[in-house]
2 protein chains.
Amino acid sequence: MNLTVAEENYIKSIYKLQDGNDVVSTNAIAYELATKPASVTDMAKKLKEKKLIDYEKYQGISLTAEGRKIALQIVRRHRLWECFLVDKLGFSWDEVHEIAEELEHVRSEKLISRLSAFLGDPTSDPHGDPIPDAQGRISKSQPLVSLDKATARRLEVAGVSDQSSALLEFLNAKGIHLGTHLDIIERYEFDNSVEVKIRNQPAFTLSEQVSKNIMVKSL
Amino acid sequence: MNLTVAEENYIKSIYKLQDGNDVVSTNAIAYELATKPASVTDMAKKLKEKKLIDYEKYQGISLTAEGRKIALQIVRRHRLWECFLVDKLGFSWDEVHEIAEELEHVRSEKLISRLSAFLGDPTSDPHGDPIPDAQGRISKSQPLVSLDKATARRLEVAGVSDQSSALLEFLNAKGIHLGTHLDIIERYEFDNSVEVKIRNQPAFTLSEQVSKNIMVKSL
DNA sequence: AATATTATTTAGACAAATCTAAATAAAATA
DNA sequence: TATTTTATTTAGATTTGTCTAAATAATATT
Ligand SMILES: [Mn+2]
Ligand SMILES: [Mn+2]
Ligand SMILES: [Mn+2]
Ligand SMILES: [Mn+2]
């Protein structure tokens, strides 16, 4: 199966958007890829031809088993490169997405298996997202909750659900990284903000906007 | 200057073929890129439009100063990735060219400067070719001679002029790498073959074909 | 110099990926 | 249910990179 960069980007987007959902809409894909719905329809016909998606007009799009397999390979490559950029080249987590967006399209089994080994076969990327193994298996970690819904008092930051530079830079400024331990001081019902504290530092408040996008696990 | 992958590949080929020569022919570029002369003519018009090459029909092609600057950046990226693949991921020198051929097109100043630093700012790649610095400067090393023309007895392998997997695998099999010390035992005028010896190993003979492509410096 | 050969360019076509504008289908609302 | 709104598809173009076949220019050979 020899895919173009454009086809790989579509497959990855469909995988991302499908998640729990049954099918993905033309519009959703167009928005995700910053392109036009008409272009998505064009590509849908090609990917259907290649048996990577199920698609009937007006009925939405979903990956076939083969399509999903390929999506997992692309996601694996993307996340491994993100690890490389952060762990080996010293990039911060808000800088790596765009670069990995290009590196992910270099297809070489050997390159990726060696890169993975070089990095110590990591199972999650700098944003806390799991890295599929060479067979496309994702290690089941305990399901994460967003900070605004967490019930426990003592929490550990385990991921972010929005990976925009804006959010990541904000978290950098507040000293919040993967693995940071947070204590919930107070929740304010009025605006759903939450006051938190990092060990040895003064407490501060996070808006609902922010706390929705911080994924945590209880300690 | 925002170039496509195809444009970058053309620029790099022209740079490689121009070397000492004044201009490069349409046919030479077509052969180098495994494409057709008609395609080269098409691309020549585009690159001339972008002021990256000088081109008048039937008069051959040469890089402008701007084109050369870009070529050196691409070469830098290519060779740094080759170093990464060999030094960090344990690839052998005959496996890295194709992969670097793709990695070289990921354009990020920061990525390349950090990669270079991570590798210890190397000045030559796994094939003995010099790596331009961020400003496109190539460190002047002593000019190398091919093994078939060397006059000294005691030599050190410093490069290969043909980078086909076939040659590199052959050299691997004979135990010849960058930095290998060779003693010339005998030259046979009949077929221009040369008998050489690596320290502590039995002597063996190399054909003219091979010795032409091994670049050496005297010790 | 005339002819043959080789190199290069042009003309015209095609596939991939995209777009805009218009048409049509599906869903929401009155 | 009829109408309006939204989502999706189609029709027709455009750009990029490529190709084949034919035309032309440059070079080499008799
Ligand atoms: Mn991508
Ligand atoms: Mn990530
Ligand atoms: Mn390349
Ligand atoms: Mn090289």
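Atom CD in B:E56 sits about 15 Å away from atom P in C:dT8, given to the nearest Å. For B:K46 and D:dT14, the NZ to C1' distance is 13 Å, given to the nearest whole Å. Between A:E8 atom CD and C:dA16 atom P the separation is 16 Å, expressed in whole Å. Atom pair A:L47:CG and C:dA16:P shows a separation of 12 Å (rounding to whole Å applied). In this structure, B:K45 atom NZ and C:dT9 atom P are separated by 8 Å, rounded to whole Å. Rounded to whole Å, the distance from NZ on B:K57 to C1' on D:dT24 is 9 Å. One interatomic measurement links the two molecules: CD of B:E49 to P of D:dG17, which rounds to 14 Å at whole-angstrom precision. To the nearest angstrom, C1' of D:dA7 lies 17 Å from OH of A:Y31.
Within the structure, a side-chain polar atom (N or O) of A:S39 is placed less than 4.0 Å from OP1 or OP2 of C:dC19. For D:dT18, one of the phosphate oxygens OP1 or OP2 lies less than 4.0 angstrom from a side-chain nitrogen or oxygen of B:Y10. In this model, the phosphate group of C:dC19 is approached by a side-chain N or O of A:T35 to a distance below 4.0 Å at OP1 or OP2.
Here D:dA25 is the nucleotide among D:dA25, C:dA16, D:dT8 with the atom lying nearest to any side-chain atom of B:Y58. Comparing D:dA26, C:dT9, D:dT9 by their closest approach to the side chain of B:Q59 singles out D:dA26. Side-chain proximity of B:N27 to the nucleotides C:dA7, D:dT8, D:dT16 is greatest for C:dA7. For B:D42, the listed nucleotide lying nearest its side chain is D:dT18; candidates were D:dT18, C:dA17, C:dT20. Side-chain proximity of B:A38 to the nucleotides C:dT9, C:dC19, D:dT10 is greatest for C:dT9.
Other residues, nucleotides and ligands contribute only 12 or fewer heavy atoms inside 6.0 Å of the OH atom of A:Y31.
Residues A:H127 and A:H97 keep their aromatic ring centres 6.0 Å or farther apart.
Map B:M43 and B:K36 each onto its nearest nucleotide of DNA chain D; the residue landing nearer the 5' end is B:M43.
Remark: B:K88 qualifies as a cation-pi partner of B:F118 under the 6.0 Å distance and 45° angle criteria applied to the six-membered ring.
At a threshold of 4.5 Å between non-hydrogen side-chain atoms, the residues B:E66 and B:K69 count as touching. With contacts defined as side-chain heavy-atom distances shorter than 4.5 Å, the pair A:H105/A:N9 qualifies.
B:T41 comes within 4.0 angstrom of a base, heavy atoms only.
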